[in-house]
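Handing you this structure, nothing more for now.
As a basis for the values below, the full set of heavy atoms in this structure was taken, side chains included, without hydrogen atoms, waters or symmetry mates.
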Amino acid sequence: MSQANIAYKRDSDAISLGDLPSDKQYTLSPAALSGRIRSISNQIAHGLHRSSLNVLPVEIDNNHPYDNSYEQQVPNNEDDDDSYYSLKNFRERRRGKRDEDSGLSRRIKRFYKDQDELIDVYEQVHNRGNGDDSANVAHTRTQKISNILTKVSLAANIALFILKIAGAVISQSLSVISSVIDSAVDLASSIILFWAWYKIKRRDKYRYPQGRTRLEPIGIIILAVIMCAASVLVIYESINTIVDDANFFKAGPNTTKTLQAIDMSAFPIAAIVITAVVKGILFALCVRVNTPTMSALAADHINDTVSNIIALVCGIVGSYAYKNKINQKAIFIDPIGAICISVYIIITWIKQMGDQTKRLSGYTADPKFLSQLTWLTYHHSPLIEKIDTVRAFYFGTSYLVEVDIVLPEDMLLKQAHDIGEGLQKKIEDLPEVERAFVHLDYEHSHHPSDEHKVV
């Protein structure tokens, strides 16, 4: 599989692009560069130039002569740098909203919007690398909000579960019963997520040196299995009810068979309405917080909101049919509604389980995030001759990052260590990163897989 290598020379502002293993090299001026970079970006986004090891090979040639004094003279901040890859140059290319954009096609508008978002991301990454701690403060605040909402969801699930049990006993509606089972699993989910959060906070540095953050996706997978199993049981019971009701109508008026009793009085209706409103409010709160736990809780709350609305409608229709206020055959609506609720829950939680399984399995990071890491590494030190490899993949809920950089062969160990450790700390300051490893090398002719065992 081919890999895209990019060699940039600061002194000439030219970029050499090549596709390995071809020996052909091309030099593009900055004016002709944008189209080629866009082509490579699209290829990388679709996985055409990424190796099987989830590596984004980027070769950046600084070609600076090694000078001890140069490290002290050149500032890290690139705002005043007029080079092609400077933040100042990128800011000047921000499109923004213009009057003439109304005549552009939707695809071109989307391109400019994505470009502006990427420039904003680069600016945020650049500010983090220069001492701006606002992103970390926001991340800490997000974690606190996540913990509060987890506790609120647990308390709400306990109260609503008790309320809906009483409503299900009175109504005897299968749709309401399926909603109660959903609430029971909701309660279990809140307990499991709260337990996972409790264990993650109480670290045991001897038994779990890297912490237990992977308990979070494991807990979500367990919840998904429980949810799907409970929904299958509801589907089974609903099918049996449909068969019994069909036999009742088939037997005629002289049969001794009876229909499934349904009584949607004021209390069951009130219980379902209260549950739907509370769950809707909790969904609106949880969906604003971007963490795996809150994503799972938000999906849980919206599922409960939808299932309660369906249960309310189907239960009322079934109750009217049982009391012969409408066509009695409409009683089939109740078990059919229960099946619809259960299928919806199964589909939603299978998606959640798939997402969390990817995170536990080491799924590769998004190309945009790899681009952020490359940007941060490129601007870290002028003494970095080349960026050999940038690799990032899920390590539970966050990323594990590996970066290989090339330094001058005759550089002192102390200086090389300081550059590598500084870059490691910058990368680990990103809220999405759990652990970063920076490998220092003096050449780049080897393949990235040559340095590690391939499993």
Charged N to carboxylate O below 4.0 Å: is that the case for Asp114 and Arg110?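 So Asp114 pairs with Arg110 through a salt bridge.
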With a 3.5 Å distance limit and no angle check, can you tell me whether Arg288 reaches the backbone of Ala284 through a side-chain donor-acceptor pair?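 Indeed, once roles are kept as given, a pair shorter than 3.5 Å links the two residues.
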Please answer whether the main-chain N or O of Thr389 pairs with a side-chain N or O of Glu402 as donor and acceptor at a distance below 3.5 Å.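 Not at all, since once roles are kept as given, no pair shorter than 3.5 Å links the two residues.
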Of the options Thr377, Val390, Val433, which is the one that meets Val401 in a side chain to side chain contact (heavy atoms under 4.5 Å, CB included)?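 The side chain to side chain contact (heavy atoms under 4.5 Å, CB included) with Val401 is passed solely by Val433 among Thr377, Val390, Val433.
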Enumerate donor-acceptor pairs with a distance under 3.5 Å from any side-chain N or O in residues 339-349 to protein atoms, sequence neighbours excluded.
unit_1 : atom_1 : unit_2 : atom_2 : d
Ser342 : OG     : Ala338 : O      : 2.9
Tyr344 : OH     : Asn303 : OD1    : 3.4
Thr348 : OG1    : Tyr344 : O      : 2.9

Salt bridge check, Asp120 against Arg94: does any charged N sit closer than 4.0 Å to a carboxylate O?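 Salt bridge flag = yes for Asp120 with Arg94.
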Would you say that His380 contacts Ile419 through its side chain, given a criterion of any heavy-atom pair below 4.5 Å between the two side chains?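 A side-chain contact under 4.5 Å exists here.
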Give a yes or no on whether Tyr442 atom OH has more than 12 heavy-atom contacts from other residues, nucleotides or ligands under 6.0 Å away.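 Count not over threshold, so no.
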Asp418 and Lys414 ion-paired at < 4.0 Å: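 Judged by the 4.0 Å cut-off on N to carboxylate O distance, Asp418 and Lys414 do form a salt bridge.
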Suppose we screen for side-chain contact (heavy atoms from CB on, under 4.5 Å). Which residues come up paired with Lys109, at least two apart in sequence or across chains?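 In terms of side-chain contact (heavy atoms from CB on, under 4.5 Å), with neighbours along the sequence ignored, Lys109 is linked to Leu104.
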I'd like to know if the side chain of Glu385 and the backbone of Val406 have a donor-acceptor N/O pair within less than 3.5 Å.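 Absent.
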Looking at Pro367, is its backbone amide N or carbonyl O close enough to the side chain of Ser371 to form a donor-acceptor pair, meaning the two atoms are under 3.5 Å apart?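 No: the side chain of Ser371 does not pair with the backbone of Pro367.
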